[in-house]
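Here is how names work: the chains are called A, B, and so on, in the same order as the sequence lines, proteins then strands, and each is numbered from 1.
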Amino acid sequence: MSRNVRPYGDATGDGMVQLSFTLPVPHGPRADGAAQQLANKMGIDPALVVHSHPIGENFSFFVVYGSVSHLVDLDAVRVVEREYPLLTPAEVNGRVKKLLRRKLVVVGGCIGTDAHTVGIDAILNIKGFAGQKGLEYYRELKVINLGAQVTVPELVKRARTEKADAVLVSQVVTQRDAHIQNTQEMSAAFREAMGERRPMLVVGGPRFDPLMAENLGVDRVFGRGTTPGEVASYLVHAISTAPVAPTAAKGVPA
Amino acid sequence: MSRNVRPYGDATGDGMVQLSFTLPVPHGPRADGAAQQLANKMGIDPALVVHSHPIGENFSFFVVYGSVSHLVDLDAVRVVEREYPLLTPAEVNGRVKKLLRRKLVVVGGCIGTDAHTVGIDAILNIKGFAGQKGLEYYRELKVINLGAQVTVPELVKRARTEKADAVLVSQVVTQRDAHIQNTQEMSAAFREAMGERRPMLVVGGPRFDPLMAENLGVDRVFGRGTTPGEVASYLVHAISTAPVAPTAAKGVPA
Amino acid sequence: MTTLLHLDPRTVDTARALAAEAAEPVIRIAHAHTTVAVERATLRLAGITGADTTHRAGDVPWVNRVVDTVREHCGLEHGAALPVFDALRRHDLADLTELAEATAAGTIQYHVPEGRDATAAGKAARTAIARGLRSIDRAKARRDKLVATHGDPPQRPWIYLIVATGDIDEDVVQAANAARAGADVIAVIRSTGQSLLDYVPEGATHHGFAGTYATQENFRIMRAALDDVSRELGRYIRLTNYASGLCMPEIAVLGGLERLDMMLNDSMYGILFRDINPIRTFCDQRFSRQVHARAGIVINTGEDNYLTTADAVDAAHTVTVSQLLNERFAHEAGLPDELLGLGHAFEINPDLPDSFRLELAHALLARELFPDAPLKWMPPTKHMTGDVFRGYLLDGLFNLAGVLTGQSILLVGMMTEAVVTPWLSDRDLALANVKYILNAAGNLSEDFRPAPDGFIAKRAHQVLGEAVDLLARIRDQGLLDAIAKGTFGLMKRPPEGGKGSDGVIAKAENYLNPAADLLQTGATK
Amino acid sequence: MTTLLHLDPRTVDTARALAAEAAEPVIRIAHAHTTVAVERATLRLAGITGADTTHRAGDVPWVNRVVDTVREHCGLEHGAALPVFDALRRHDLADLTELAEATAAGTIQYHVPEGRDATAAGKAARTAIARGLRSIDRAKARRDKLVATHGDPPQRPWIYLIVATGDIDEDVVQAANAARAGADVIAVIRSTGQSLLDYVPEGATHHGFAGTYATQENFRIMRAALDDVSRELGRYIRLTNYASGLCMPEIAVLGGLERLDMMLNDSMYGILFRDINPIRTFCDQRFSRQVHARAGIVINTGEDNYLTTADAVDAAHTVTVSQLLNERFAHEAGLPDELLGLGHAFEINPDLPDSFRLELAHALLARELFPDAPLKWMPPTKHMTGDVFRGYLLDGLFNLAGVLTGQSILLVGMMTEAVVTPWLSDRDLALANVKYILNAAGNLSEDFRPAPDGFIAKRAHQVLGEAVDLLARIRDQGLLDAIAKGTFGLMKRPPEGGKGSDGVIAKAENYLNPAADLLQTGATK
Ligand code: B12
Ligand code: B12
Ligand SMILES: Cc1ncc(COP(=O)(O)O)c(C=O)c1O
Ligand SMILES: Cc1ncc(COP(=O)(O)O)c(C=O)c1O
C-alpha cells in the first residue's frame with residue numbers, strides 16, 4: 001500500500017470529501033461564499049456548496065462537496081497498537097494464578113455525575129459484550145462494580161480497602177470535556193493518596209482517544225467497541241510487566 | 001455581525017463541523033488513525049472519528065466530528081452581487097424597446113454531449129421556473145431554443161444568422177470538468193468567429209461558480225436556482241451598459 | 001381509533017387488576033411515610049422561597065434550612081407544618097422568610113404544638129398552603145386560556161423537542177428557533193447530577209453539564225419566552241422539565257407555579273437509573289403526582305430507558321408492565337388518563353429481521369391498551385451510531401411508526417444521538433425529517449391494516465401475555481422484591497439501598513400535612 | 001399477488017386494446033422500412049467484427065464501411081445481405097473481414113444480384129446469420145445454466161446498481177464490490193453522447209464522460225468479471241447496458257453475443273430524450289427487441305424519464321400509457337411478459353401532501369396492470385438536492401414503497417443524486433439503506449391494505465382512467481402526431497425531425513433480410 005493516500009470518491013486520488021456545518025450568518029449568496037471560504041481554508045479546492053438553507057434568521061446550514069489537497073501519510077499515523085496477545089478467559093486465569101498466587105482485584109465504576117453504566121457493565125458484568133463474557137466471569141478476577149455517579153474520594157477509599165490491583169473507570173458524557181476533567185481529577189487523587197502504590201488506572205468510553213493515556217495520568221485508555229477480552233488480556237499483560245504486589249506487601253520481580 | 005465567524009454546533013464559536021470520506025485503506029485502528037490525521041490536516045482539532053466501516057477489503061468509510069480552528073473572514077468573502085435591479089417582464093420589455101428599438105435576440109441551448117435541457121428550458125420556455133415565466137414570455141425578446149447536444153460550430157452559425165444579441169448556454173454534466181472545457185471552447189469559437197462583435201455570452205448550470213466568468217471567457221455565469229427574471233434583468237442591464245447594435249450596424253453610445 | 005389488534009378485553013382487565021394488586025402494598029407504604037422532599041414541597045406551597053446565600057456550602061434553599069432544623073429539633077414524623085406555623089406564631093414573625101432567616105440565625109426552637117396551639121398552627125398552615133395551591137390553580141386556568149387563544153398543534157403527534165445547552169439563555173434562543181421550526185413541545189433537560197441533589201438550586205443558571213439546571217427562575221424565564229413565541233406563532237408551545245430525582249415533590253410544586261405543561265415523572269425511574277432509595281421514590285412520586293394533577297400537568301414516564309439497558313424485544317413486556325404500574329400509581333394520585341404521557345420507544349436492534357414490524361406491534365399495543373393517554377413515543381438511541389446517514393433514516397422510520405400507530409407525542413430523534421448533544425442543525429434536520437414523514441405519509445395509517453392473526457397482531461398478543469404473567473409474579477413476590485431482582489432495565493435495586501433513604505420518615509398517627517388533604521379533596525381553602 | 005386496487009378488468013382490456021390500435025400504424029411503418037443500423041446489425045450477426053483503424057476519422061467499424069458503401073453503390077432498399085454475400089462469392093474472399101478490407105481499399109463494387117446469384121447469396125447470408133444467432137442461443141443457454149448453478153437473488157425486488165466511472169477497469173472494480181455488497185444487477189451507464197454516434201465504438205475504453213462507452217469488448221470484460229463474482233458469491237449477478245440510441249439493433253446483437261442479461265430499450269426514449277428521428281427509432285427498436293427476445297434479455301423501458309421533465313402527478317397517466325405502448329411493441333416483436341422490465345419512478349414532489357401515498361398508488365397500479373412483468377422501480381432524482389441527509393431519507397421511503405408494492409427490480413437511489421455521479425461510499429450507503437428497509441419492513445406488505453375506495457385506490461383508478469382517455473386520443477390523432485405535440489415528457493418531436501432520419505430506407509418489395517425471418521420463426525438454420 002502506498003505511503004501516501006488521498007480520499008477516494010469514485011477514482012483513485014480524487015480526494016473527494018463531504019462536509020456539513022452551520023454558520024451564524026443569514027442565508028444568501030454571501031453565506032454560501034463564506035461557506036466556500038471555510039471549505040477552502042480546510043484545503044478543499046474546488047469546493048462546491050451543493051446545498052444551503054436558513055436555520056432561523058441568523059444561521060445557515062451548508063453541505064459542501066469537493067477535493068482535499070492534503071495527503072494522508074500512513075507511516076505518520078499514530079495508533080495504540082495492542083502490544084499484548086488476546087488471551088482466553090482460561091489463559092487469563094492461568095497467568096493471574098501464576099503471577100499473583102491470589103485473585104486480581106478490579107474495582108470499577110462511573111465517576112462524576114456520569115450515570116452511563118452500560119459501557120462499564122459491558123466490560124465487567126457476566127453478561128459481557130459482543131458475545132464475550134465480562135470480567136466477573138473470570139475465576140481469578142475479583143470484580144467490585146460500584147455502578148454510577150461514584151465520587152472520586154469514594155472510589156479511592158474503596159480501591160484502598162479492597163486492595164485493588166486495577167481501577168476501571170468509565171466516562172461517557174463528554175460535554176464541556178467532563179470526561180477529561182473527571183479522569184484527571186481521579187488520577188491526581190490516586191497519586192495524591194497512594195503515590196507509587198496506586199493501582200493500575202484504566203479508563204474507557206466512546207469518546208476517549210487511546211493516545212491520551214499520559215495526559216490523563218492513567219495507564220491505559222480504551223475507546224469505542226472495546227471488548228472484555230481485550231481488557232482482561234491487558235490487565236494480565238500489565239501485571240506481568242509492571243510488578244504488582246502478590247500480597248499487599250512490596251512488589252516482587254516479574 | 002462580527003467580521004470573523006466560526007461554525008456553530010450548539011454554542012457560539014465552538015467551530016463544530018461534520019465530515020465524511022473514504023480512504024483506500026483496509027478497515028481498522030490504523031485506518032481510523034489515518035482518518036484522524038486527515039481531519040487534523042484540515043484544521044479539525046480535536047477530531048473524533050465517530051464512525052468507520054469497511055467498504056470491501058481495501059477501503060474504509062469514515063464519519064468525523066470536530067472543531068475547526070479556521071475563522072471565516074466575512075469581509076474577505078467574494079460573491080457576484082447582483083449589481084442590477086430585478087425588473088418585471090413589463091419593465092424589461094419597456095427598456096428593450098427604448099434601448100434597441102427592436103426585439104432583443106436570444107439564442108440558447110445545451111452544448112457538447114450534454115442533454116440536460118430542463119435547466120435552460122426553465123429559463124427560456126414560457127412555462128418558466130419558480131413561478132416566473134421564461135424569456136419566451138417576454139414580448140420584446142426573440143428566443144431561439146436549440147435544445148440539447150448542440151455542437152459549438154452549429155451554435156456560432158445560428159447566433160450569426162439570427163443576429164443574436166445574447167447566447168445562453170447550459171451545462172449540467174460536470175464529470176471530468178466537461179462543463180468548463182465545453183464553455184471555454186464555446187467562448188473561444190465566438191471570439192474567433194466574431195471578435196468584438198460577438199454576442200453576449202451567458203452560461204448557467206448547477207455546478208458553475210458565478211465567479212468563474214472571466215476564466216470561462218463569458219460575460220456572466222448563473223448557478224443553482226437561477227430564475228428567468230434574474231436573467232432577463234441582467235440582459236437589459238448588460239445592453240444598457242455595454243452598447244449593442246440597435247440594427248446589425250455599429251454600436252451606439254449607451 | 002378503531003382497534004387493529006383485537007385485544008381480548010378480559011386479558012386487558014386482568015392486566016389492570018394485577019397491576020392494581022401489585023401496586024397496592026407500595027401505595028400503602030407511600031401513605032404511611034413522608035420525606036424531607038414532601039415536607040419541603042409543602043413549605044414551598046406555604047410560601048417559602050429563596051436561599052440562604054450566606055451559608056458556607058453555597059446557596060442553600062431556605063426550605064432545606066427550615067426542614068432540616070425542624071427535623072433536628074422535633075423530627076418530621078408529625079410533619080413540618082405544625083412546628084413551623086407554631087413557631088411563626090410564637091415568635092410572631094411577619095412571614096416564613098423571616099422565620100427561615102431566624103432559623104438560620106439559630107434563634108428558633110421548633111417543637112410539635114399540642115391542643116389549641118396545634119389547632120391554630122394547623123389552621124394557619126392550611127390557609128398559607130391553600131394560597132399556594134390557588135396560585136397553581138391560577139396557572140392552570142391561565143394555561144387553559146392561552147390554549148384557547150393560541151390553539152393546540154394542528155396535527156398529532158405533537159412534536160416534542162429537547163434543548164440541552166446547559167445555559168438557560170442559549171436554551172431560550174434554541175427553544176424559540178425550534179418552535180418556529182415546528183416544535184410543539186420544548187423540553188429542557190437537566191444537568192447531569194441534579195437529580196441526586198437533595199435541594200433545588202436557585203436562580204438563572206449558565207453552566208450545566210449536558211443539560212441546564214431545573215430552577216424556579218429557569219422555569220419562569222423559559223415559560224415567558226415560550227409565551228412570546230406562542231403569541232408570535234398562534235400556537236401554544238408547551239414546556240417540559242423533569243420532576244424525577246430527590247426533589248420530585250418540590251420540582252412538581254415549582255413546575256405548577258411556573259406553569260410548566262409537562263414533567264418527566266416516573267414511579268420507578270429514580271430507583272432504577274439514579275439509584276435512589278425505592279421507598280423515598282414511591283413516597284415522593286405520589287405527592288408530586290398529586291401536585292401535577294392539581295396543576296393539569298401531563299406526566300411523561302420513562303419506560304424508554306429500560307430498552308437502553310435491556311433488550312427491546314426480550315424486555316418488551318416489562319415496558320407494558322411498567323406502563324400499567326405507572327398508570328395505577330397515577331390514577332391513585334388523582335391523575336386522569338388525559339394527563340398520562342406513558343412512555344415507550346423505538347429501540348429494537350435494526351438489524352433484526354422484521355424489526356420495523358416488531359416496533360409497530362409494540363407501539364400499537366401501547367396505543368390500544370391506553371386509548372385515552374397522550375402516549376409519548378421516543379426515538380432510537382441505543383442502536384444509533386456515528387453513521388449519521390443511517391441514523392437519519394432510522395429516525396425517519398421511527399417517525400413513520402409514530403404516525404402509523406397514532407402516537408400522541410413524538411420526541412424528535414437526532415441523527416447525532418451517538419455523537420453529541422444535539423446541534424442546532426441536528427434539530428433543524430430532525431424537524432425536516434418529521435415534517436416530511438407527517439406530510440407525505442401522515443395518513444398512511446388509513447392503509448395500515450395488520451392481518452388479524454398476522455405477525456404484528458400475534459406479536460402484540462404475545463407481549464401482552466408475557467406482561468400478564470410477569471404482573472402475576474410481581475403481585476406474588478412483591479414489587480419491591482421484583483425491583484431488587486432486576487426486573488426492570490436489568491437494574492437491581494434493593495428496598496433498603498439507594499440514595500436519600502435517610503430522608504424517609506414513618507408518619508406518626510397525628511401526622512399533619514394540610515397539603516395532602518387539600519390535594520386529595522381539591523379544596524381551595 | 002392478490003389485488004388491492006380491484007381494477008375493473010374491462011377497463012384494463014380497453015386500455016390494452018386501445019394501445020394495440022394506437023401502435024398498429026407505427027408497427028406497419030416499422031415493417032415497411034429498414035435502417036442502416038438494422039442492416040449493420042444483420043451483418044454483425046453474419047460475422048463482421050472489428051474496425052478500420054486506418055481511417056482518418058478514427059476507428060470506423062467495418063460494418064459501417066461496408067453498409068455505407070453498399071448504400072452508395074446500390075442502395076439499401078433490398079437489404080445489405082444480398083449485395084454483400086454476392087460480392088463475397090464473386091470476389092471469392094475467405095470471409096467478411098476480407099471483404100470489408102477490400103471494400104475499404106475500394107476494390108469492391110456492390111450491386112443487387114438477380115436470379116440464381118440472388119438465391120445463392122441469400123442462402124450464404126442465411127447460413128452465416130444463422131451461425132450468429134446460434135451463438136446468441138448458446139449465450140442464452142449458458143445464462144440459464146449459470147442461473148441454475150448459482151441461483152437467482154434470494155429476495156425480491158432484485159437490487160439494481162449503476163456504475164459510471166467512464167473507465168471499464170474502474171467499473172470492474174466497483175461492480176465487483178457492489179455485487180459483494182449485495183447488488184444483484186449491475187448496470188454500466190454509457191458515456192454521454194454515445195447514443196448519438198451512428199456507429200458502435202470498438203475495444204476496451206477508459207475515457208467516457210459520466211459513463212463508459214458501450215463496446216463489445218467492454219461487455220465481454222464486465223460479463224467475465226461478473227461471472228467470477230457470481231461464482232464467488234453463489235449468486236448469478238446480472239449485467240445491464242443500454243441499447244437505445246442510433247445503434248439500438250447492433251448493440252442488441254452485441255449484448256446477445258456477450259450475454260448481457262438486461263438492456264435499456266424503450267420504444268420512444270431515443271425520440272424524446274435524444275431527439276432521434278421517430279421512424280428511425282421505431283424501426284430500430286423493433287429489430288433490437290426481436291434480438292433481445294431471442295437472447296432472453298430483459299428490456300428496461302424508460303418511463304421514469306418523463307417524470308424528470310414533466311410533473312409526476314400531472315403526467316402519471318402518460319407513464320401508464322407509455323408502459324402499455326412499450327408492452328404492445330414488445331409483444332409484437334416477440335418479447336414475452338417475463339422479459340418486460342417496464343419502468344416507473346418515485347418522482348413526486350416530496351413536499352406535496354400525501355406524496356408517499358400517491359407514489360404507492362402509482363406503483364401499485366403498474367404492479368397490478370402488469371402482474372407478470374419484472375417491473376423496474378426507479379428512485380427519486382428530480383427532487384433530490386444537495387441536502388444528502390434528506391436525500392438518504394427519501395431513498396429510504398422509495399425503497400419502502402418498492403417492497404410495499406411488490407416491485408421486481410429496484411434501481412438503488414443515491415443520496416448524491418443531485419451532486420455527482422455516485423461515489424464508492426454513496427453506493428455502499430445506498431445498499432445499506434436498501435438492505436435495512438428490506439430486512440426491517442420487507443414483509444410489511446402483509447399489513448398494507450389500502451381501503452377499497454380509499455385515497456390510494458381512488459388515485460390509481462383516476463390515473464388508469466386518464467390513461468384510457470389519452471390512449472383513445474392517441475388512437476384517433478395518431479401516435480406520431482401525439483409525440484410531435486409533446487404528449488410524453490413535454491418533449492415535442494415531429495416525425496420528420498430528429499437525428500438519423502437519413503438512415504431510414506423504405507424497403508423494396510424484394511427486400512431480403514434472412515435475420516428478420518430467422519428471428520420471426522425462431523429457426524436456427
Ligand atoms: C443508554 C443511554 C442512556 C441511559 C443510561 C442507562 C445506563 N444505566 O447506562 C439513560 C437513559 C439513563 C441516559 C441518560 C442520560 N444520557 Co445518555 N445515552 C445513552 C445512549 C443511548 C447509549 C449509551 C450506551 O449504553 N452505549 C452502549 C455501550 C456498550 O457503549 P459505550 O458506553 O461506548 O461503552 C463501550 C466502550 O465505550 C467501552 N467503555 C465504556 N466505558 C468503559 C470503561 C472501561 C474501564 C473500559 C475498559 C471500556 C469502557 O467499552 C464499552 C463496550 O464496547 C447514548 C447514545 C448512544 N447511542 O451512544 C446516550 C448518551 C451517551 N447520553 C447522553 C446524555 C447527555 C444523557 C443525559 C445526561 C441526558 C439528560 N441530561 O438527561 C442523561 C443523564 C445521564 C447521566 N447523568 O449521566 C449523551 C452524551 C453526550 C455527550 N457526549 O456528552 C449521549 C451521547 C446521547 C446524546 N447524543 O445526547 N443515557
Ligand atoms: C433530469 C435529469 C436527467 C434527464 C434529462 C432530461 C432533460 N431533457 O433535461 C435524463 C433522464 C434524460 C438524464 C440523463 C442523464 N443524466 Co441526468 N439528471 C437529471 C437530474 C435528475 C435533474 C436535472 C434537472 O432537471 N434539474 C432541474 C433544473 C431546473 O435545474 P438545473 O439544471 O440546475 O437548472 C437551473 C440552474 O442550474 C440554472 N441553469 C441551468 N442551465 C442554465 C443556463 C443558463 C443560460 C442560465 C442563465 C441558467 C441555467 O437555472 C436553472 C433553473 O434554476 C439530475 C440530478 C439532479 N437532481 O440534479 C441528473 C444529473 C444531472 N444527470 C446526470 C447524468 C450523469 C446523466 C447521464 C449522463 C447518465 C447516463 N450516463 O445515462 C444521462 C445522459 C444525459 C446526457 N447525455 O447529458 C448527473 C450529472 C453528474 C455530473 N455532475 O456530471 C446528475 C447530476 C445525476 C447524477 N448524480 O449522476 N438526466
Ligand atoms: C422519567 C425520567 N425522569 C428523568 C430523566 C432524566 O433524569 P436525570 O435528570 O437524572 O438525568 C429521564 C431520562 O430521560 C426520564 O426518563
Ligand atoms: C430507456 C433508456 N435508454 C437509454 C438511456 C440512456 O441514454 P443515453 O445513453 O443516451 O444517455 C436511458 C436513461 O436513463 C433510458 O432510460
Side-chain angles (χ1 to χ4, degrees), chain B residues 1-2 4-23 25-40 42-56 59-72 74 224-225, chain C residues 161-178 181 183 186-189 191 205-212 350-351 380-395 412 414-431:
Chain B
M1 180 199 316
S2 93
N4 287 318
V5 296
R6 301 184 63 201
Y8 182 105
D10 71 347
T12 302
D14 61 20
M16 290 299 185
V17 304
Q18 171 273 331
L19 175 71
S20 77
F21 55 86
T22 300
L23 288 176
V25 176
H27 187 243
R30 290 198 66 73
D32 288 5
Q36 179 140 29
Q37 186 194 96
L38 177 66
N40 292 148
M42 293 173 76
I44 304 177
D45 191 359
L48 289 171
V49 177
V50 300
H51 172 79
S52 66
H53 71 248
I55 301 181
F59 295 90
S60 305
F61 176 72
F62 308 91
V63 178
V64 179
Y65 275 75
S67 173
V68 274
S69 45
H70 307 292
L71 292 176
V72 177
L74 293 175
R224 222 165 13 104
Chain C
L161 211 81
I162 285 178
V163 301
T165 68
D167 176 339
I168 187 64
D169 299 337
E170 291 269 354
D171 286 345
V172 161
V173 178
Q174 301 210 359
N177 277 331
I186 299 292
V188 180
I189 54 178
S191 175
T205 70
H206 308 281
H207 301 290
F209 285 100
T212 307
D351 299 336
T381 64
K382 183 182 187 174
H383 295 287
M384 294 291 274
T385 67
D387 181 346
V388 288
F389 300 102
R390 170 176 169 284
Y392 198 69
L393 174 62
L394 277 187
D395 282 332
V412 178
M414 299 290 148
M415 69 183 189
T416 50
E417 171 62 31
V419 185
V420 290
T421 44
W423 290 356
L424 182 67
S425 55
D426 295 330
R427 229 175 272 117
D428 184 75
L429 288 169
L431 281 170

Test side-chain contact (heavy atoms from CB on, under 4.5 Å) applied to B:Asp10 and C:Gln174, step by step: CA-CA 9 Å; B:Asp10 71 347; C:Gln174 301 210 359; 4.3 Å; yes
Nearest-0.5 Å distance that lies between atom CE in C:Met414 and atom CD1 in C:Ile162: 7.5 Å
Point-to-point distance, once rounded to the nearest 0.5 Å, from CG of C:Asp167 to OG of C:Ser191: 12.0 Å
Heavy-atom contact with chain B under 4.5 Å, split by part of C:Thr421: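 Both parts, backbone and side chain.
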Atom group of B:Phe61 that falls short of 4.5 Å from chain C, counting heavy atoms: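 Only the side chain of B:Phe61 comes within 4.5 Å of chain C.
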Structural part of B:Ser20 lying under 4.5 Å from a heavy atom of chain C: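 Contact with chain C is through the side chain of B:Ser20 alone.
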Salt bridge (Lys or Arg N to Asp or Glu O under 4.0 Å) contacts in which one or both residues fall within residues 26-39 of chain B, not counting sequence neighbours: A:Glu81-B:Arg30, A:Arg224-B:Asp32
Partner chain B: residue of C:Asp387, C:Val420, C:Val419, C:Leu424 with the largest heavy-atom pair count (under 4.5 Å): C:Asp387
